[in-house]
Amino acid sequence: MRRLEAEIRHHDRLYYVQAKPEISDREYDALFDELVALEDQHPELVSPDSPTQRVGSDLAHDLPEVAHTIPVLSLDKCYSPSELVAWLDKTVAASPDPQPLSFVLEEKLDGASIVLTYEEGRLVRAVTRGNGAVGNDVTANARTIRSIPLVLAEAVSLTVRGEVFMRRAAFEAYNTASGGTYSNPRNLAAGTLRNVRSRVTAAVPLEFFAYEGFFADGWGASHSGILARLAALGLPVNPHGVLVSEDATLISVVRKDLPAWRTASFSELQNIVEEASFGRKQLEYEIDGLVLKVDGIARREILGYTAHHPRWAIAVKFEAPEAVTRLVSITVQVGRNGRITPVAELEAVALAGSIISRATLHNEDYVNQLELAPGDTVAISRRGDVIPAVERVVEKAESPAEGGLVWLMPDRCPSCGSSLEKRGAHHFCPNRDCPDRVLGRLIHTTGKAGFDIDGLGEKTLSLALRLGLVHEPQDVFTADWSSLIAEEGFGEKKTAKISEGIRQAKDRPFAQVLASLGFENLGPSLAETLIKAGYTSMAAIRERAAAGDVKAFEGIHGLAEITARQLVDEFSDPRNAAMLDALAAAGVRMELEPASAGESLLQIFAGQRWCVTGSFTRYNPRDLAMLEVKKRGGVVVSAVSSKTTHLLAGTGAGSKLDKARELGVQVVSEDEFVALLAQ
Ligand SMILES: [Zn+2]
C-alpha cells in the first residue's frame with residue numbers, strides 16, 4: 001500500500017504539476033483501483049495522506065477562523081507598463097547597494113489566494129487569505145485539489161502562498177454541466193474553495209500555483225531561489241515567470257533550476273508587459289495583471305514597507321478605466337518599419353479626460369479573439385499613456401454592418417499593394433518604398449522622437465513627399481525647402497523657419513541622432529547604452545556592424561542577443577548605410593559632442609568589465625570607485641568571471657582576488673587605479 005501510494009503520488013506530480021504524464025489514464029486508474037481495493041480490505045492501514053483521501057466528504061464542516069503566521073500583504077498597484085517601468089527606476093535608484101538589483105515578474109492569477117502550511121513535508125493546514133490577518137480554515141477542501149501535494153518530496157516545514165484557480169476550458173465544461181450559474185472561473189474557484197462540503201470541492205477541477213514560500217529553516221537568499229525550491233519539492237510553480245535584470249545575460253547563468261522561465265533586461269520590461277496584456281486572452285487561465293518583485297530577500301528588507309504595502313513589489317493591473325462605444329469600421333495602419341496594425345474606428349467617446357475615436361487592435365489574432373465586427377458595441381480602455389485599446393465586445397450588432405461577420409487581415413498592403421508577410425503574430429509590408437512607410441519614416445525623423453525639427457509636421461511632409469522633394473529621411477537635410485514658397489500657405493517666413501530648424505537639427509546630441517535614425521529598437525535608452533559602452537561615433541558602430549560582430553554588441557552591459565543582432569542588421573543594411581553617408585555629408589553630427597556639463601571624461605575603460613572588491617582609502621564607500629569606472633565607459637560587475645577584464649582590489653580583498661588570479665584577470669591596486677584615472 002505504501003509503495004502504491006508513492007507510485008500514484010509520483011504520477012500525480014507528473015500529471016498535475018509538471019504536465020508530463022508517463023502513463024495512460026487507464027494505467028493510472030488501475031494503480032488507483034488496486035490501492036482502493038487494498039484499503040477496503042485493510043482499513044486500519046489507510047494512511048491519512050493516501051491519494052485516495054482526496055475525494056472529500058458530504059458532511060458539512062465549518063470553516064473556523066485562523067490567524068496567519070506569515071505576512072499576507074496586499075500589493076501596491078499601477079495601471080500601465082510605463083508606470084511599472086517608472087516604479088522599477090525609482091526602486092533601483094532607492095537601492096544604495098552597488099550590487100545590481102534584479103526582479104521577478106510573475107502572472108497575477110485571477111483566482112482565490114490561499115496559504116498552505118506543511119509540517120515535515122505533510123500538508124497540515126490550508127487557510128484562505130481572509131482580511132490578511134485572519135482567514136478561514138479550508139484544509140478539507142484544499143486536500144481535494146490534485147495539484148496541491150499532500151506530501152512533499154522532502155520532510156521540510158514551510159508555509160506557502162499561492163492561488164487556487166480554474167482553467168477556462170474546465171470552467172466552461174463544469175459551468176455548462178451545472179446549469180451555468182457562475183459568471184467566471186474566479187467566482188467558481190473562490191466559492192468552491194469555501195464550500196462546507198469537501199465532496200463538492202472535489203468535483204470541481206481546481207488547480208493551484210505557488211508564488212511565495214517561507215521555509216522554517218530560513219527564508220532563502222532570493223525569491224526565484226525559493227520558487228525553484230518549491231518546484232523541487234513538488235509544488236506547482238507558474239512556468240511563465242520572467243527574471244528581469246539590468247543585464248539579462250548575467251542572470252540567465254544564475255537560474256537554471258527554473259528551466260521554463262525567461263530572462264529579460266530592464267529595457268525589455270515595457271514590451272513584455274504590453275505583450276502580456278494583449279496576449280492574456282490566449283492563456284488557458286485568467287490573469288488580471290502581473291506582479292514585479294525584487295528578487296533578493298535581503299534587499300527587500302532594506303527597501304521595507306509603507307503603512308499598506310511592501311516597497312519591493314508592485315502589481316500592474318490590466319483592467320483600467322473603460323468606456324463603451326460603437327465600432328464603425330476596422331482599418332489597418334502601416335508603420336514605418338512595415339508593421340501592420342488593425343485600428344478600430346469608433347464613434348467618438350470620452351475616456352479618462354480625452355475624446356477617443358480610434359483604438360488599436362494590435363494584430364490579426366487579437367481581432368479574431370474578440371470576434372469583432374463593425375456595428376458591435378465595444379469597451380475600450382486607456383492604460384496610462386498607452387494608446388487606447390479595444391478590450392472586449394459588450395454587445396454584438398444585431399445585423400452586422402457592411403464588412404460582414406468576420407474581419408480578415410487584407411492580403412495586400414493598403415498603401416502600396418505589396419503582399420503582406422507574417423512574422424510572429426504580426427503582418428508586415430516588406431516594401432521599403434511603401435508610401436505609408438516612407439511618410440512614417442519622415443514623420444519619425446522630424447518628430448519629437450527624432451531630430452525634432454520645427455515647422456516640419458505631417459502635413460508639410462506629405463506635401464513635400466507628393467512634390468518629390470523628399471523620400472528618404474536624409475532628404476530632409478538636403479531638400480530645397482524654399483521651393484515650397486510656390487505652394488499655398490507657404491510664405492518666406494515659414495520656409496525660413498524650416499531651414500533654421502534643420503540647421504539646429506544638425507547639431508543635435510549624438511544620442512539623439514542615433515535615436516532619430518528610426519532603426520528597430522534604437523531609442524534614446526539604447527543610444528545612451530551604446531555611447532556609455534564606448535561607441536561614441538557612427539564610424540565605430542558601423543565598423544562593428546559591418547564585421548557582423550553580434551558578440552561585441554552582446555557584450556555590452558544590459559543588451560539582449562536579439563537587440564545586438566538588430567543593431568548589426570540595421571547598421572550594415574546598404575540603404576541604411578547610404579542614409580548614414582548622406583547624413584554625414586549634410587553635416588549632421590556623427591560623433592559624441594564635446595561634453596558640456598563637466599562629463600568630458602575620456603572613455604578609457606570602454607569595453608572593459610571591472611569588478612571591485614575590498615576597501616579603499618580614497619573610495620569609501622567603494623561605490624565611488626565604481627562610479628569612476630562607469631564614468632569612463634567601463635562596466636561594473638558583481639562577480640569575477642572569465643568575462644571580467646579587471647579586478648580593482650583594495651585591502652582585505654578575499655576570494656574574488658583568488659578567483660581573479662586563477663582566471664588571469666588583471667588585478668589593479670588602488671594606487672594604480674588612481675594613476676590610470678589621472679592619465
Ligand atoms: Zn506597403
Side-chain angles (χ1 to χ4, degrees), residues 247 267 441 444-446 449-453 472-478 502-561 563-610 628-636 645-646 676-677 679:
D247 183 344
S267 58
R441 277 200 298 273
H444 172 79
T445 305
T446 61
F451 285 103
D452 193 10
I453 302 174
E472 296 294 327
Q474 60 266 37
D475 300 341
V476 168
F477 290 92
T478 53
I502 286 166
R503 199 190 58 74
Q504 288 176 13
K506 293 177 183 173
D507 208 29
R508 295 282 184 237
F510 183 54
Q512 190 178 345
V513 174
L514 285 174
S516 303
L517 300 175
F519 292 173
E520 199 75 50
N521 259 328
L522 180 48
S525 90
L526 180 53
E528 287 295 348
T529 303
L530 282 170
I531 290 170
K532 273 191 205 147
Y535 292 94
T536 52
S537 74
M538 204 66 86
I541 302 173
R542 292 179 70 180
E543 194 182 324
R544 283 281 190 213
D549 201 346
V550 176
K551 279 272 175 296
F553 289 123
E554 231 186 299
I556 299 175
H557 191 57
L559 232 61
E561 188 199 341
T563 313
R565 193 162 295 282
Q566 278 168 346
L567 283 173
V568 168
D569 290 348
E570 292 280 23
F571 278 95
S572 56
D573 177 272
R575 288 187 60 169
N576 286 342
M579 171 174 83
L580 294 171
D581 290 340
L583 289 174
V588 173
R589 184 191 302 286
M590 289 285 133
E591 56 187 33
L592 188 61
E593 57 282 2
S596 39
E599 290 281 334
S600 64
L601 293 169
L602 272 178
Q603 301 290 296
I604 53 171
F605 298 147
Q608 300 179 356
R609 295 169 81 87
W610 284 72
E628 297 298 334
V629 172
K630 287 183 186 165
K631 277 190 337 205
R632 291 167 178 79
V635 170
V636 176
T645 58
H646 295 75
L676 275 173
L677 299 191
Q679 277 176 13

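Going from atom CE of M579 over to atom CG of L517 covers 5.0 Å, rounded to the nearest 0.5 Å. Rounded to the nearest 0.5 angstrom, Q566 CD and F519 CZ are separated by 12.0 Å. A distance of 6.5 Å separates NZ of K551 from CD of E561, quoted to the nearest 0.5 Å. Considering CG of L522 and OG1 of T563, their distance stands at 10.5 Å, rounded to 0.5 Å. In this structure, E570 CD and I541 CD1 are separated by 12.5 Å, a value rounded to the nearest 0.5 Å. Taking CZ of R575 as the start and CD of E472 as the end, the distance is 4.5 Å to the nearest 0.5 Å.
The two residues G587 and K506 have their closest heavy-atom pair at O-CB, 3.6 Å. The two atoms that bring Q608 and I604 nearest to each other are NE2-O, 3.8 Å, heavy atoms only. The shortest non-hydrogen separation linking A515 to G523 is CB-C, 3.8 Å. When all heavy atoms are compared, the tightest approach of A511 to A527 is O-CB, 3.4 Å. For M538 against F571, the heavy-atom pair with the smallest separation is SD-CE2, 3.8 Å. Scanning both residues, A505 and F477, for their nearest heavy atoms gives CB-CE2, 4.0 Å.
Panel note: side chain R609, backbone V635; no donor-acceptor pair is recorded below 3.5 Å. Using modelled atom types, one side-chain atom of S516 and one backbone atom of F451 make a donor-acceptor pair closer than 3.5 Å. Side-chain atoms of Q512 come within 3.5 Å of backbone N or O of G450 as a donor-acceptor pair. Judged by distance alone, with hydrogens and angles left aside, the side-chain atoms of R589 form no donor-acceptor pair with the main-chain N or O of A584 at under 3.5 Å.
Side-chain contact between L677 and R632: present, with at least one pair of heavy atoms (C-beta onward) separated by less than 4.5 Å. Here the side chains of F553 and L530 are in contact, with some heavy-atom distance below 4.5 Å.
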Evaluate the criterion side-chain contact (heavy atoms from CB on, under 4.5 Å) for residue pair L567 and L526; output intermediate values, then yes/no. CA-CA 10 Å; L567 283 173; L526 180 53; 4.1 Å; yes

L676/F605 under side-chain contact (heavy atoms from CB on, under 4.5 Å): CA gap, chis, key distance, verdict: CA-CA 10 Å; L676 275 173; F605 298 147; 4.3 Å; yes

Go through the steps to decide whether V568 and D549 satisfy the test side-chain contact (heavy atoms from CB on, under 4.5 Å), and finish with yes or no. CA-CA 7 Å; V568 168; D549 201 346; 5.7 Å; no

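In the displayed structure, E543 atom CD is contacted under 6.0 Å by at most 12 heavy atoms of other residues, nucleotides or ligands.
Salt bridge status for R542 with D581: present, with a side-chain N to carboxylate O gap under 4.0 Å.
Partners of H444 by ring pair (Phe, Tyr, Trp, His ring centres under 6.0 Å), not counting sequence neighbours: none found.
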